[in-house]
Protein chains: 2
Amino acid sequence: MALHMSSANPSPDFAERLREAGLRPTRQRVALARVLFEGDHRHVTAESLHAEVKATKIPVSLATVYNALNQFRDAGLLREVVVAPGRSYFDTNIGHHHHFFVETDNELHDFPSHDVTVEGVPAPPAGTQVSRVDVIVRVRR
Amino acid sequence: MALHMSSANPSPDFAERLREAGLRPTRQRVALARVLFEGDHRHVTAESLHAEVKATKIPVSLATVYNALNQFRDAGLLREVVVAPGRSYFDTNIGHHHHFFVETDNELHDFPSHDVTVEGVPAPPAGTQVSRVDVIVRVRR
DNA sequence: TGCATCTTTAGAAATATTCTAAACTACTTG
DNA sequence: CAAGTAGTTTAGAATATTTCTAAAGATGCA
Ligand SMILES: [Mn+2]
Ligand SMILES: [Mn+2]
Ligand SMILES: [Zn+2]
Ligand SMILES: [Zn+2]
């Protein structure tokens, strides 16, 4: 019986992916990319990612985690989802989708947007262009 | 020619409204309620509201503004809209509506939801109930 | 290998929000 | 209307998140 391949990463050459994004593949950035991108899609906070990477014995400071997350986001490798004051998640799923946010336990779950339609939104304010539409469905237990 | 009445406040008895919400109508809370509720709908931050109320010569601390905003929100007098890390707005419009967020100048604009439909949202995670659906249309100049 | 440039880091700083505990005030009851 | 009490406000400290600084370190190119 064959092992499953990770869905989105047939050849996990993280150094190459970073170079393509215009970022030097440093030890810290490669370690962060590996944790972020080698498995299924994730929603991480700076703190949670920092804890995970430190557990792999690669030395990395929290400032570097913030730097890298902001750079990855600016390069289009991640998107940022803000659900509550002081609760910012970085999302490795950069395709079109929306979120359930379970307020009672601070969990974020994806749902695909291919079935979701947001209709009837009026024209944006004069002189502006839409950059993204976020739908957050807040739920509680 | 008659003066217009403020749309939502035919009799602006703020003390009474606070009592109905289970809050003692203290000098600070009445002053905050007046600024928040006497005109049209508003989107304020704790800092901006603090500055406004201090300008009316009612002494009020920033801690009290935070306390009051959280209490007003918990009482259903306000809702909170989080658009970016560290940018939380309190919204005096508690009816169903959604927002344009102009990222380039941190402005929040309402749009009515009576024309907006969000369709195709899957069933929420098992054991949870939807408390609210937020649609934020992010735009830039 | 040498060098310029970019990156990482510890620690300080900035920002936003909450907490503490003491002083104060609104409502109740006599 | 004079207590009494429970709720409220406050300054300042604390917490939490994120960014900045400047010095040391790593990367990639010649
Ligand atoms: Mn950021
Ligand atoms: Mn809050
Ligand atoms: Zn997601
Ligand atoms: Zn609004």
Side-chain angles (χ1 to χ4, degrees), chain A residues 13-35 43-51 53-54 56-75 77-90 106 108, chain B residues 13-35 43-51 53-54 56-75 77-78 80-90 103 106 108:
Chain A
D13 186 346
F14 298 110
E16 188 50 33
R17 280 175 69 175
L18 289 170
R19 261 187 224 97
E20 279 162 18
L23 297 168
R24 280 193 186 170
T26 63
R27 196 148 70 108
Q28 284 77 10
R29 293 207 276 227
V30 171
L32 290 163
R34 190 185 314 283
V35 168
H43 299 113
V44 303
T45 63
E47 282 289 353
S48 74
L49 180 61
H50 184 221
V53 172
K54 274 197 308 188
T56 70
K57 305 297 183 195
I58 310 286
V60 60
S61 72
L62 184 56
T64 294
V65 174
Y66 274 105
N67 289 342
L69 286 172
N70 289 332
Q71 291 154 350
F72 291 5
R73 178 202 55 212
D74 293 347
L77 267 33
L78 291 176
R79 67 188 259 199
E80 190 171 4
V81 183
V82 182
V83 292
R87 298 207 72 81
S88 190
Y89 291 89
F90 288 86
N106 284 325
L108 202 55
Chain B
D13 187 346
F14 298 109
E16 188 49 35
R17 280 175 68 175
L18 290 170
R19 260 189 224 96
E20 279 162 17
L23 297 168
R24 282 194 185 172
T26 63
R27 197 147 71 107
Q28 284 77 12
R29 292 206 276 226
V30 171
L32 290 163
R34 190 186 312 283
V35 168
H43 299 113
V44 302
T45 63
E47 282 287 354
S48 76
L49 180 60
H50 184 221
V53 171
K54 274 196 308 188
T56 69
K57 305 298 181 192
I58 310 286
V60 60
S61 72
L62 184 56
T64 295
V65 174
Y66 274 104
N67 288 343
L69 286 171
N70 287 333
Q71 291 153 349
F72 290 4
R73 178 203 54 213
D74 293 347
L77 268 32
L78 291 175
E80 191 171 3
V81 183
V82 182
V83 291
R87 297 206 72 81
S88 188
Y89 291 89
F90 287 87
E103 299 175 323
N106 283 324
L108 202 56

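Every chain is numbered from 1 and lettered A, B, ... according to where its sequence line falls, protein lines coming before strand lines. All heavy atoms count here, side chains included; hydrogens, waters and symmetry mates do not.
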Asker: Calculate the interatomic distance between Arg87(A) atom CZ and dA16(C) atom C1'; express it in whole Å.
Answerer: 15 Å

Asker: Mind grabbing the angle between the end helix axes of the helix from dT1(C)-dA30(D) to dG30(C)-dC1(D)? Five pairs an end, 10° rounding.
Answerer: 30°

Asker: Please tabulate, for the side chains in residues 59-66 of chain B, all donor-acceptor contacts under 3.5 angstrom to protein atoms that are two or more places apart in sequence or on a different chain.
Answerer:
residue: Ser61(B); atom: OG; partner: Thr64(B); partner atom: N; Å: 3.2
residue: Ser61(B); atom: OG; partner: Thr64(B); partner atom: OG1; Å: 3.1

Asker: Using ring-ring contact (aromatic ring centres under 6.0 Å, His included) as the criterion, list what pairs up with His43(A), not counting sequence neighbours.
Answerer: His99(A)

Asker: Side chain of Arg19(B), backbone of Pro25(B): donor and acceptor closer than 3.5 Å?
Answerer: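 No, because the side chain of Arg19(B) does not come within donor-acceptor range (under 3.5 Å) of the backbone of Pro25(B).
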
Asker: Can you name the side-chain hydrogen bond (donor to acceptor under 3.5 Å, both in side chains) partners of Gln28(A), sequence neighbours left out?
Answerer: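 Checked Gln28(A) against side-chain hydrogen bond (donor to acceptor under 3.5 Å, both in side chains); zero matches.
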
Asker: Which whole-number value in Å describes the distance from Leu18(A) CG to dA26(D) C1'?
Answerer: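 So the two atoms are 15 Å apart, to the nearest Å.
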
Asker: Write down the distance between NE2 (His50(B)) and P (dA16(C)), rounded to a whole number of angstrom.
Answerer: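 Atom NE2 in His50(B) sits about 14 Å away from atom P in dA16(C).
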
Asker: Between protein and nucleotides 6-12 of chain C, map the contacts as a letter string: B base, S sugar-phosphate only, - none, heavy atoms under 4.0 Å, written 5' to 3'.
Answerer: BSSBS--

Asker: As an exercise, state the distance from OG1 of Thr45(B) to OH of Tyr89(B), rounded to the nearest 0.5 Å.
Answerer: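 Result: 7.0 Å between the selected atoms.
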
Asker: How close or far is atom C1' of dT18(D) from atom CG of Asp74(A), stated in whole angstroms?
Answerer: 14 Å

Asker: Once rounded to the nearest 0.5 Å, what's the spacing between atom NE2 of His50(B) and atom CG of Leu69(B)?
Answerer: 11.0 Å

Asker: Only counting residues at least two apart or in another chain, list the ones meeting salt bridge (Lys or Arg N to Asp or Glu O under 4.0 Å) with Glu20(B).
Answerer: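 Partners of Glu20(B) under the salt bridge (Lys or Arg N to Asp or Glu O under 4.0 Å) test: none.
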
Asker: If you assign Tyr66(B) and Arg19(B) each to the DNA chain C nucleotide with the nearest heavy atom, which residue ends up on the more 5' nucleotide?
Answerer: Tyr66(B)

Asker: Could you tell me how far apart Glu47(B) (CD) and dT17(C) (C1') are, to the nearest whole angstrom?
Answerer: 10 Å

Asker: Verify, without hydrogens or angle tests, whether Arg29(A) (side chain) and Arg24(A) (backbone) share a donor-acceptor contact under 3.5 angstrom.
Answerer: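 Such a contact is found between Arg29(A) side chain and Arg24(A) backbone.
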
